[in-house]
There are 2 protein chains.
Amino acid sequence: MQSRNPKKSTRSRIIESAKKLFAEQGYQKTTVIDISRQVGLSEAALYEYFKNKEDLLLTIPDLWVSDLLADLDGQLFGIKGTVNKLRKFFWWYLRQVEQSPLDAKIVYLILKTNANFMTTEVFSNVKILYSHLLDIFEEGRESGELRPNLKPYLARAIFIGTMDHIITRWFLKNMSYSLFDNLEELFNLMVDGFRNPSTIAANHDGEEANGIKLNKEC
Amino acid sequence: MQSRNPKKSTRSRIIESAKKLFAEQGYQKTTVIDISRQVGLSEAALYEYFKNKEDLLLTIPDLWVSDLLADLDGQLFGIKGTVNKLRKFFWWYLRQVEQSPLDAKIVYLILKTNANFMTTEVFSNVKILYSHLLDIFEEGRESGELRPNLKPYLARAIFIGTMDHIITRWFLKNMSYSLFDNLEELFNLMVDGFRNPSTIAANHDGEEANGIKLNKEC
DNA sequence: ATGAGAGCTTAATAGCATTAGGTTTTAAAT
DNA sequence: ATTTAAAACCTAATGCTATTAAGCTCTCAT
């Protein structure tokens with residue numbers, strides 16, 4: 001879309017510069033002078049747009065997580081089957097991380113350790129994001145696709161824990177590989193434990209499992 | 001000045017005070033003056049014992065993780081069966097976290113996201129800790145207790161991810177419940193996906209296995 | 001033209017980590 | 001007991017950083 005202003009607003013430019021610097025150097029090591037110089041302003045000017053440095057930090061991933069949330073419903077729409085929904089969620093989320101690595105890095109490596117994180121808008125949006133998973137797990141239990149005794153919040157702990165772990169690891173290894181390497185195998189290994197043993201076929205190539213199929217891998 | 005406890009070294013007292021303050025208030029919000037006042041020293045005195053504030057921070061969990069490492073071998077000694085070893089690891093580690101919450105909190109909420117974390121002694125010890133899991137998974141694959149196509153590092157990602165997640169969550173909820181609540185169920189849900197389908201009976205703590213029995217042998 | 005507000009600026013202020021340079025305490029050697 | 005040197009500690013800088021004060025300079029609706 002074409003904006004009336006050929007130039008981006010000052011506020012946007014501050015956010016973009018801060019995002020890069022925070023993601024590259026970390027929050028503490030990035031100074032307000034660093035940011036203002038990169039934007040081409042005096043330090044004091046930043047305080048016209050943000051209450052303080054932390055306010056600037058928190059503003060950055062706020063929009064990102066809001067966008068995620070807005071996108072999620074549409075992504076899951078029309079997908080049938082709990083495992084298929086879980087797969088979609090997994091791939092979709094990792095794709096978002098790979099496409100917005102700066103935002104994601106700030107969320108994963110800076111925000112989560114911030115004492116005020118739990119009082120932010122970001123946090124409550126993340127909670128909503130995660131609550132979708134609870135619904136999916138519950139639905140799968142009721143439909144019989146997942147184990148009848150599966151507790152949704154336990155399955156969610158495994159699901160999110162695994163996702164967070166591979167994302168954090170990816171950042172700590174400087175994003176030197178693709179998040180999608182071996183993802184299919186990882187997903188199946190994780191989700192197979194959730195499946196209803198009455199209907200499961202130990203199926204690791206992504207095909208839909210219909211009926212009972214005993215699989216010997218010898 | 002006042003007579004101090006001659007038994008504890010000044011260095012130890014600095015570490016103890018800093019540990020409490022860092023865990024309570026976070027790293028950034030704890031000042032060197034805070035620490036030195038709590039110990040009963042001037043700020044400058046701290047620099048006789050530590051290179052700088054970050055050095056002090058990194059020193060704190062170093063001993064803890066070293067102790068963990070020293071304890072682990074003995075804990076796993078004599079345990080037969082891969083799942084039993086995994087269970088022991090799980091319970092042992094969470095117990096250590098519950099018993100040393102200050103150290104663990106510093107590792108989980110401050111250190112792991114620190115840019116320098118990967119260059120620390122703590123990090124290399126954590127890596128050794130995690131490498132034990134790789135061995136356990138590999139052994140389980142070879143013995144046939146786990147799936148023959150299980151990739152140890154994928155199973156480890158799920159295992160550690162899940163552990164880290166419930167620990168982090170516990171800290172963010174101010175340790176207001178026991179880490180061991182529902183732990184048995186969580187463990188089984190996670191590990192069942194790793195088991196070899198040829199030998200598994202979906203058996204959850206006393207629950208009857210479901211109707212379908214998978215194959216015995218090839 | 002005017003005056004009010006948006007968008008900046010320079011220059012102060014206060015807090016912090018860290019260091020310089022010195023004094024006191026300790027303990028061993030004389 | 002005195003000397004001596006290192007260890008342990010102190011007060012007082014230093015320099016960096018976030019934040020604020022106070023004011024300048026355009027723009028533009030009236």
Side-chain angles (χ1 to χ4, degrees), chain A residues 3-60 106 110-111 113-117 119-120, chain B residues 1-62 106 110-111 113-117 119-120:
Chain A
S3 77
R4 293 188 300 130
N5 257 356
K7 278 190 179 178
K8 278 192 164 181
S9 77
T10 303
R11 189 183 154 91
S12 302
R13 284 186 299 126
I14 294 172
I15 290 177
E16 289 306 309
S17 293
K19 187 187 292 188
K20 271 178 207 144
L21 289 169
F22 285 152
E24 272 170 21
Q25 317 178 338
Y27 177 68
Q28 305 160 57
K29 281 175 185 158
T30 300
T31 69
V32 176
I33 303 179
D34 286 344
I35 300 167
S36 56
R37 269 213 272 262
Q38 177 132 353
V39 183
L41 292 173
S42 70
E43 311 144 67
L46 298 206
Y47 291 87
E48 296 290 325
Y49 297 93
F50 301 94
K51 213 176 106 229
N52 50 39
K53 189 183 171 189
E54 191 178 34
D55 179 38
L56 171 55
L57 170 70
L58 294 176
T59 299
I60 291 172
I106 288 171
I110 300 178
L111 223 51
T113 68
N114 189 296
N116 297 331
F117 172 53
T119 69
T120 63
Chain B
M1 299 278 177
Q2 80 272 29
S3 70
R4 300 186 187 94
N5 190 346
K7 285 176 184 173
K8 275 197 170 177
S9 73
T10 302
R11 189 182 155 91
S12 301
R13 284 186 298 125
I14 294 172
I15 290 177
E16 289 306 309
S17 293
K19 188 187 292 189
K20 271 178 206 142
L21 290 169
F22 285 151
E24 271 170 21
Q25 317 178 339
Y27 176 69
Q28 305 161 55
K29 280 175 186 157
T30 301
T31 69
V32 175
I33 303 179
D34 286 343
I35 300 168
S36 56
R37 270 212 271 263
Q38 175 133 353
V39 183
L41 292 174
S42 70
E43 312 144 69
L46 298 206
Y47 290 88
E48 297 289 326
Y49 298 94
F50 301 95
K51 213 177 106 229
N52 50 41
K53 190 183 170 189
E54 193 179 32
D55 179 38
L56 171 55
L57 170 71
L58 294 176
T59 300
I60 292 172
D62 186 30
I106 289 171
I110 301 177
L111 261 194
T113 62
N114 187 300
N116 296 333
F117 173 54
T119 68
T120 63

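These values consider heavy atoms only, across backbone and side chains, with no hydrogens, waters or symmetry-generated copies. To find a chain, count down the sequence lines: A is the first, B the second, and so on, and within it residues start at 1.
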Sugar-phosphate, base or nothing in reach of B:Phe50, heavy atoms under 4.0 Å: nothing

Pairs satisfying salt bridge (Lys or Arg N to Asp or Glu O under 4.0 Å), at least one member in residues 17-32 of chain B, at least two apart: B:Glu16-B:Lys19, B:Lys19-B:Asp103

Any residue meeting side chain to side chain contact (heavy atoms under 4.5 Å, CB included) with A:Ser42, in chain and number order, not counting sequence neighbours: A:Ala44, A:Ala45

Sequence neighbours excluded - ring-ring contact (aromatic ring centres under 6.0 Å, His included) pairs with any residue from residues 39-60 of chain A: none

Partner residues of B:Asp34 under the side chain to side chain donor-acceptor pair (under 3.5 Å) criterion, sequence neighbours left out: B:Thr31

Nucleotides bounding contact with chain B, strand DNA chain C, heavy-atom threshold 4.0 Å: C:dC16 to C:dA20

Protein-nucleotides 4-6 of chain D N/O pairs under 3.5 Å:
none

Contact letters for nucleotides 19-28 of chain D, in which S counts primed atoms plus P, OP1 and OP2 and B counts the base, heavy atoms under 4.0 Å: BBB-------

Passing option when B:Leu111 is tested against B:Ile60, B:Leu58, B:Asp62 for side chain to side chain contact (heavy atoms under 4.5 Å, CB included): B:Leu58

Contacts of B:Lys53 that satisfy side chain to side chain donor-acceptor pair (under 3.5 Å) - sequence neighbours left out: none

Atom-pair distance (CG on B:Leu46; C1' on D:dA8), nearest Å: 13 Å

End-to-end axis angle, where each axis spans five pairs of the helix from C:dA1-D:dT30 to C:dT30-D:dA1, to 10°: 10°

Sugar-phosphate, base or nothing in reach of A:Thr30, heavy atoms under 4.0 Å: sugar-phosphate

Heavy-atom pair of closest approach, residues B:Ser17 and B:Val39: OG-CG2, 3.5 Å

Sugar-phosphate only, base, or nothing, as touched by B:Ser42 at under 4.0 Å among non-hydrogen atoms: base

Side chain to side chain donor-acceptor pair (under 3.5 Å) involving B:Thr10 - partner list, sequence neighbours excluded: B:Arg13

Qualifying residues under side chain to side chain donor-acceptor pair (under 3.5 Å), relative to A:Gln38, sequence neighbours excluded: none

Trace of the side-chain contact (heavy atoms from CB on, under 4.5 Å) decision for A:Tyr27 with A:Ile106: CA-CA 9 Å; A:Tyr27 177 68; A:Ile106 288 171; over 6 Å; no

Contact list for DNA chain C against residues 16-25 of chain B - heavy-atom distance below 4.0 Å: none

d(CD1, B:Ile14; P, D:dA8) in whole Å: 11 Å

